Amino acid sequence: MAAERTLVLVKPDGVRHRQIGEVLRRIETKGYDVVALQMLVPTPELLEKHYEEHVGKSFYGVLVEFMMSGPVVAAVVEGEQVIPAFRSLAGATDPIKAAPGSIRGDLARDWGTKVQQNVVHGSDSPESAAREIALWFPSL
Ligand code: DAT
Ligand code: MG
């Protein structure tokens, strides 16, 4: 099967807790390639496009505020079936439900009522990956 690409974000909580290296280590150890990397504080405009399916939901404001609370690391990761594979490495959205051994299960520190503080984002489909990579890395 051909290699595919996914967009990974280390969210502000992961950056704050010095977990950038640990997240990238898990990706590389699994056998995937980091092919583009940058650090930035996202704008509301970028986040509105990135999270377009969540605009208008009850948690949208809290999510965007959190995502702008500090720098995030954005990475394009490549390899066979990397879209579902990274979702599996990341674990369930809610850190309380994320299994031990997963990034969210092991590394989330701000869980409780803060579902959005779950360390990483990973694209959920080939269509989302293409859209998100174009948003975060327009020159790719
Ligand atoms: P995922 O990041 O696992 O793809 P998602 O796309 O459903 O999850 O939601 C995007 C982010 O929004 C998620 O990482 C955390 C936050 N979120 C989702 N559901 C939430 C909720 N019910 N309350 C607060 N934040 C939520
Ligand atoms: Mg999602």
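The figures here come from the full heavy-atom set of this structure, side chains too, leaving out hydrogens, waters and symmetry mates. Numbering of residues begins at 1 and proceeds along the displayed sequence. All ligand and atom numbering here is 1-based and tracks the order in the structure. All values derive from a computational prediction rather than experimental measurement.
- Ion pairing between a basic and an acidic side chain is recognised when a charged N comes within 4.0 Å of a carboxylate O; D110 and K11 show no such pairing.
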Atom pairs and distances, ligand 1 N/O vs protein N/O under 3.5 Å:
| residue | atom | partner | partner atom | Å |
| --- | --- | --- | --- | --- |
| ligand 1 | 2 (O) | R104 | NH2 | 3.2 |
| ligand 1 | 3 (O) | T93 | OG1 | 2.5 |
| ligand 1 | 3 (O) | R104 | NH1 | 3.3 |
| ligand 1 | 4 (O) | R87 | NH1 | 2.8 |
| ligand 1 | 4 (O) | R87 | NH2 | 3.4 |
| ligand 1 | 6 (O) | H54 | NE2 | 2.9 |
| ligand 1 | 8 (O) | T93 | OG1 | 3.4 |
| ligand 1 | 9 (O) | H54 | NE2 | 3.3 |
| ligand 1 | 14 (O) | K11 | NZ | 2.9 |
| ligand 1 | 14 (O) | N118 | ND2 | 2.9 |

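- A salt bridge does not link K49 with E45: every distance from a Lys NZ or Arg NE/NH1/NH2 to an Asp or Glu carboxylate oxygen is 4.0 Å or more.
- Summarising the hydrophobic clusters (Ile, Leu, Val, Met, Phe, Trp, Tyr; side-chain heavy atoms under 4.5 Å, direct or chained), the residues clustered with L40 are L7, L9, V35, L46, L47, Y51, V55, F59, Y60, L63, V64, F66, M67, M68, V72, V76, I133, L135, W136, F137, L140.
- Open room surrounds NZ on K97; 12 or fewer heavy atoms of other groups in view lie less than 6.0 Å from it.
- Distance check: S128 OG to H121 NE2 gives 7.5 Å after rounding to the nearest 0.5 Å.
- Between E53 and D124 the shortest side-chain heavy-atom distance falls below 4.5 Å.
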